[in-house]
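First the structure, in the form of structure tokens, and then the observations on it.
Please read these numbers as outputs of a predicted model, since none were measured by experiment.
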Amino acid sequence: MTAFKSDFLNILQERGFIHQCSDFEGLDALAAKGEATAYVGYDCTARSLHIGNYLTMMMLHWLQESGNKPITLMGGGTTMVGDPSGKDETRAMRTVAEIEDNKASIRGVFAKVLRYGEGKSDAIMLDNAEWLTKLNWIEMLRDVGRHFSVNRMLTMDSVRLRLEREQEMSFIEFNYMVCQAYDFVELAKRTGCKLQMGGSDQWGNIIMGVDLGRRMGTHQLFALTTPLLTTASGAKMGKTAQGAVWLNADQFSPYDFWQYWRNTEDADVGKFLKLFTTLPIAEITKLEALGGSEINEAKKVLATEATALLHGRDAANEAAETARRTFEEGALAESLPTVEIPRGELDAGLGVLTAFVKAGLVASNGEARRQIKGGGLRVNDASVTDEKMALSAANLTPEGVIKLSFGKKKHILIKPA
């Protein structure tokens, strides 16, 4: 393991964040002096960021903790184009109103892990719509486009992999890397930014920005990427039966977030403690060494610390207590995630298959039938054996809810409204 001069790169290396870097020595020297102003770009394709974005947010967190300045760049402009990376078809075109709505919904999450302000290492937030939407097409072609080689662009993963699979790529998508590279140059001029960070799938696009900066006369620019997240079993991280692991509490509750980490595979506990918590490495090493059933205690620490960082200590402790009461005491914890349904539906008799779909515990009636045959679904802790069962007011607990369970760890309360 290389020993760096800067706290920033030492921390990232120790915690497993580093995949590729364009110039370790040069970046190390900058970071050691507190001069490694860096940015990560976040497109506004949904109302919330997801767990993959959380990884780069943590890179910005450690950048700031080591005395350097982070920039969060909102992709108000690039979202209009659409990043083709990892996609087999063109992303749905979003209206300006949709992008603005998503942007407003996303903004608040960054303050959970970054400190914004006017100080030397305080974070700032910018939006690339500020410059991309004002560009003159002919000037852009002459001043920026002439620096790009189409031959080289065709070798980039975001383009090459699409073409190898014989999937059509639109001209607008082909320009995404030009926009992203220009962002880097613009930030270099406006803020003195010297580093762009991102997932390993962004390496080609980031390097394009480093090269464009050299051709357009900026100071030296640097690229740093983190590995794409996978679990020990090789699965892509950040997906559940209900969909993506969102960072906004209104789309993925603190309790669900806590449970997501609690269900981590044994072999991933140490890795995720390093990446998604701020616990000291010495403490993580002790937790990582736990074996047998004790590893479950390490998973609870992971769940609580990761949730506390994003949603606050109170929400994390409440989620941990809800889980303890639900699983260890078998009690009905009223702070379990709740889905409201019209009382009329319950009065008319709510089909059990429909109920589990509405609760988001299964994706379809067919999946619910399969789970019932396997004994995987329960209502108020009693196994469902009849797929034609109808829920009514008679199923309400004294607390006025119906508890639906999928397996041992997924529970939702249905509450008539």
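Taking the charged nitrogens against the carboxylate oxygens, Glu297 and Lys300 do have a contact shorter than 4.0 Å, which makes a salt bridge. Salt bridge annotation for Arg370-Glu367: absent, with no cationic side-chain nitrogen under 4.0 angstrom from a carboxylate oxygen.
Of the possible polar contacts, none joining the Lys358 side chain to the Ile414 backbone as a donor-acceptor pair under 3.5 Å is found. Counting only distance, with no hydrogens or angles, the side chain of Asp28 and the backbone of Ser6 share a donor-acceptor pair below 3.5 Å. Side-chain N or O atoms of Gln180 include none that pairs as donor or acceptor with a backbone N or O of Tyr176 at under 3.5 Å.
The only option from Asn53, Thr56, Thr78, Thr79 that meets the side chain to side chain donor-acceptor pair (under 3.5 Å) definition with Tyr42 turns out to be Thr56. Tested against Ile71, the residues Leu195, Leu60, Thr37 include a single side-chain contact (heavy atoms from CB on, under 4.5 Å) partner, Thr37.
The local environment of CG in Asp250 is crowded, with over 12 non-hydrogen atoms from other residues, nucleotides or ligands closer than 6.0 Å.
The closest side-chain heavy-atom distance from Leu30 to Phe8 is not below 4.5 Å.
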| request: Please step through side chain to side chain donor-acceptor pair (under 3.5 Å) for the pair Trp261 and Thr307, ending with a clear verdict. | output: CA-CA 9 Å; Trp261 296 110; Thr307 305; 5.2 Å; no
| task | Please step through side chain to side chain donor-acceptor pair (under 3.5 Å) for the pair Asp23 and Gln220, ending with a clear verdict. | result | CA-CA 10 Å; Asp23 177 0; Gln220 185 179 351; 3.2 Å; yes
| request: Go through the steps to decide whether Val159 and Met177 satisfy the test side-chain contact (heavy atoms from CB on, under 4.5 Å), and finish with yes or no. | output: CA-CA 10 Å; Val159 177; Met177 69 178 77; 3.5 Å; yes
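Of all non-hydrogen atoms in Asp122 and Gln64, the two that sit nearest each other are CA-NE2, 3.6 Å. The two residues Val185 and Gly209 make their nearest non-hydrogen contact at CG2-O, 4.3 Å.
A distance below 6.0 Å separates the ring centres of Phe276 and Tyr54.
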